[in-house]
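Accompanying notes for the structure given below.
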Amino acid sequence: MQPITRIHSRTAVLADENIDTDRIIPARFLTTTTREGLGRLCFHDWRYQADGSDNPAFPLNQPQASGCAILVAGRNFGCGSSREHAPWALLDFGLRAVLCSEIADIFRNNALKNGLLAIMVSETEHRWLLEHPGIELSIDVRGEFIELPDGGRIAFQLEPFARHCLLNGVDQLGYLLQHSEAIGAFEARMGEAA
Amino acid sequence: MSNARTLFEKIWDAHVVVAESADTPAILYVDLHLVHEVTSPQAFSELRERGLQLRRRERMLATLDHSTPTLPAGSDGERPYANDEARAQVAKLEANCREFGVALHGWDSADRGIVHVIGPELGATRPGMTIVCGDSHTSTHGAFGALAFGIGTTEVGHVMATQCLLQRKPKTLAIHVDGQLPKGVGAKDLILHIIGQIGVDGGTGHVIEYRGPAIAALSMEERMTVCNMSIEAGARAGLIAPDETTFAWLKGRPQAPQGAAWDAAVARWRQLPSDAGAQYDREVRIDAGKVKPTVTYGTHPGMAIAMDAPVPAARNAQERRALDYMQSEAGKPMQGTPVDVVFVGSCTNSRLSDLREAAGVLRGRRIADGVRMLVVPGSEAVRRDAEREGLHEVFTAAGAEWRVPGCSMCIAMNGDLAQPGQLVVSTSNRNFEGRQGKGARTVLASPATAAASALAGRIADPREYLVEVAA
């Protein structure tokens, strides 16, 4: 994974609460056996009309949302299915960060492992961000703050190891493999415990 | 400080390979890794690209369930896959299992079925274990007092290569269920009621332990229904302490210990329940006596109410959108809503007792004209047992379709789906927009409610039918 230190972009807003991973990528598209090319399916049934044309009511189809890499979403984003296809689709769609007051556990974990910044902010700040679509933000991963156009800052916290991995492009599987000896010792100790 | 520990803490402590610190998560050992065709191919590819092997292939249990057709193979032996991609995905898991030496409970296996149904059936799921799968309904296995949770595909790769996961210790939430469930009200009604009370994100960041007399009174299959839907409240996992019901259910299962090893295992498992005085981060109390036949009225499982209660008014734009999508009317109960499709199946409600519950309502009756009803057993073993009892004949005589095991219309990725606008009364776990087909409207319910609704052609209270049977 490439190190990620800073994301700078305008925001796009999907204010709905509880946007589940079925909405991010419907299950019928999960027959794929690769991670690539899922961006065209991202938010598929919301984004397109029955005839395949863009749904003008879908906020990310608005011209001002074009090119935005930061999504501000309603609370409990990413709930439901554990499919990692959701962050793969969002990244391939062009998003680099999701800001929310609450993000579902499995989605948040999957997102951070793929370099999609899943960042939780306070409810007050979340409300403000929802009400100001299109503002320019700079997300500083090292300093754990979001810089607003007027220079103001919103602080956030990432799980320290996830932050370390993002900043240094750490391969988590490589990290686990370094502990093979400890794992072997555990297995020897465990015997047939279960 | 007290040494009293919760069930969760005991399992967690026993699986820590490297303890967590401020900078690093714990390295947690995984006893059982369940695998299916949808969330594994990219992980196998990763292993192959990096030249890695499986660390403990004997700790993996693989099956085919999501993309598999539920209609039987044709006379030419060809299975009616929804499309070539689904066929290729199944072939991929078959090839990966051959290449990496994983035992696959595939098409030719007498054990094939939904991964969360066959793990317990085989006795692969046991108390005190850590169990993961690239599937959020892994929480089902918590019914046995195992710490079981869903993971993403990157983590599937981690477990394949190291048998471990990087995990921060979650918080604990005790849900005490007092009293007893009224007659004709079951585990599905209870868990929908609980999620309706605590909310679709009420368990986020927590492992739930379901406790109390109403939980202890549940059968193993009912406990699986409850734990299965823990993720629908956002919880990492759901747990129920193992007890005599658990041991009796597991005894003699193919992978359960035998003889002296069984006695030793039971002695260990008796140490697992939470100690008196153990502390939880949060506690909630639920009165089982107040639970009624419960259904959903919106587009997430937290939008659940008693079927005879008025649908609450929308409090915001999202709830208005949900009611519009469902065509649910605030102030009116869900009971009586016309039904197009009824689905009995899924890892929530596809076990023998679920099929018996539905058949008990349907026996000797016909489903309403214009209603399509699908009954999909959770596994080949469930199918065999149900057919031995003649349940399949009850279903087909009533006008329902009796299918081959699989996830089917719960996730609707195998071609079993509802049409836009159709209302589905479903025993599955998710009523998200489009979950059962683009534009389809899902009402989650118990098997008894699903069966009663198929008969009436409208959402109906199963107790009305059960009374007739008794009389």
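Every chain is numbered from 1 and lettered A, B, ... according to where its sequence line falls, protein lines coming before strand lines.
Summarising the geometry of Ile106(A) relative to Ser136(B), their closest heavy-atom pair is CD1-CB, 4.2 Å, with the distance given to 0.1 Å. Considering all non-hydrogen atoms of both residues, Thr33(A) and Gln42(B) come closest at C-NE2, 3.5 Å.
Ranking Met413(B), Arg236(B), Glu433(B) against chain A, the residue ahead of the rest is Met413(B), based on heavy-atom pairs under 4.5 Å. The candidate from Arg83(A), Glu187(A), His85(A), Arg108(A) with the greatest count of non-hydrogen atom pairs under 4.5 Å with chain B is Glu187(A). The residue among Ser180(A), Cys79(A), Gly74(A) with the most heavy atom pairs within less than 4.5 Å of chain B is Ser180(A). Residue with the most contacts toward chain B among Arg189(A), Glu159(A), His44(A), His164(A): Glu159(A) (heavy-atom pairs, distance under 4.5 Å). The residue among Ala185(A), Pro160(A), Ala162(A) with the most heavy atom pairs within less than 4.5 Å of chain B is Pro160(A). Of the listed residues (Asp135(B), Asn414(B), Asn429(B)), the one with the most heavy-atom contacts under 4.5 Å to chain A is Asp135(B).
Heavy atoms of Arg50(B) lying under 4.5 Å from chain A belong exclusively to its side chain. Heavy atoms of Ala322(B) lying under 4.5 Å from chain A are absent altogether. Only the side chain of His179(A) comes within less than 4.5 Å of a heavy atom of chain B; its backbone N, CA, C and O stay farther away. Both the backbone and the side chain of Ser81(A) come within contact range of chain B, judged by heavy atoms closer than 4.5 Å. Heavy atoms closer than 4.5 Å to chain A are found nowhere in Val90(B), neither backbone nor side chain. With a threshold of 4.5 angstrom between heavy atoms, Arg163(A) does not approach chain B through any atom at all. The contact between Asp45(A) and chain B is made by backbone and side chain atoms together, counting heavy-atom distances below 4.5 Å. Neither the backbone nor the side chain of Glu37(B) comes within contact range of chain A; no heavy atoms are under 4.5 Å apart. With a 4.5 angstrom heavy-atom cutoff, Asp16(A) touches chain B via backbone and side-chain atoms both. Ile411(B) touches chain A through backbone and side chain together, each having a heavy atom under 4.5 Å away. Proximity to chain B (any heavy atom under 4.5 Å) is shown, for Gln172(A), by both the backbone and the side chain. Residue contact with chain A, scored on non-hydrogen atoms closer than 4.5 Å, is absent for Ala82(B). Ala317(B) does not touch chain A: none of its heavy atoms, backbone or side chain, sits under 4.5 Å away. Heavy atoms closer than 4.5 Å to chain B are found in both the backbone and the side chain of Phe161(A).
A donor-acceptor pair under 3.5 Å is absent between the side-chain atoms of Glu155(B) and the main chain of Asn110(A), judged by distance alone. Distance alone, capped at 3.5 Å, is enough to place a donor-acceptor pair between the Gln89(B) side chain and the Leu30(A) backbone. At distances below 3.5 Å, at least one donor-acceptor pair connects side-chain atoms of Asp105(A) with backbone N or O atoms of Gly205(B). Between the side chain of Glu84(A) and the backbone N or O of Thr154(B) there is at least one donor-acceptor pair closer than 3.5 Å.
Counting only heavy atoms from C-beta outward, the side chains of Lys113(A) and His158(B) approach each other to under 4.5 Å. In this structure the side chain of Arg35(A) never reaches within 4.5 angstrom of the side chain of Ser45(B), judged on heavy atoms. Looking only at side-chain heavy atoms (C-beta outward), Ile151(B) and Ser82(A) stay at 4.5 Å or farther from each other. Residues Ser67(B) and Arg28(A) are not in side-chain contact: their nearest non-hydrogen atoms beyond the backbone lie 4.5 Å or more apart. Under the 4.5 Å side-chain criterion, counting only non-hydrogen atoms from C-beta, Ile183(A) is not in contact with Val18(B). For the pair Met190(A) and Tyr29(B), the minimum side-chain heavy-atom distance is below 4.5 Å. Counting only heavy atoms from C-beta outward, the side chains of Glu102(A) and Asp201(B) approach each other to under 4.5 Å. In this structure the side chain of His300(B) never reaches within 4.5 angstrom of the side chain of Glu17(A), judged on heavy atoms.
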Could you walk me through whether Tyr175(A) and Thr24(B) pass the side chain to side chain contact (heavy atoms under 4.5 Å, CB included) test, one step at a time? CA-CA 11 Å; Tyr175(A) 172 86; Thr24(B) 53; 3.4 Å; yes

Report the C-alpha separation of Gln318(B) and Arg75(A) in whole Å, then their side-chain angles, then the decisive distance to 0.1 Å, and conclude whether the side chain to side chain contact (heavy atoms under 4.5 Å, CB included) test is met. CA-CA 11 Å; Gln318(B) 284 94 50; Arg75(A) 74 193 287 265; over 6 Å; no

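Checking each of Arg435(B), Arg430(B), Gln436(B) against Asp22(A) for a side-chain hydrogen bond (donor to acceptor under 3.5 Å, both in side chains) leaves exactly one that passes, namely Arg435(B).
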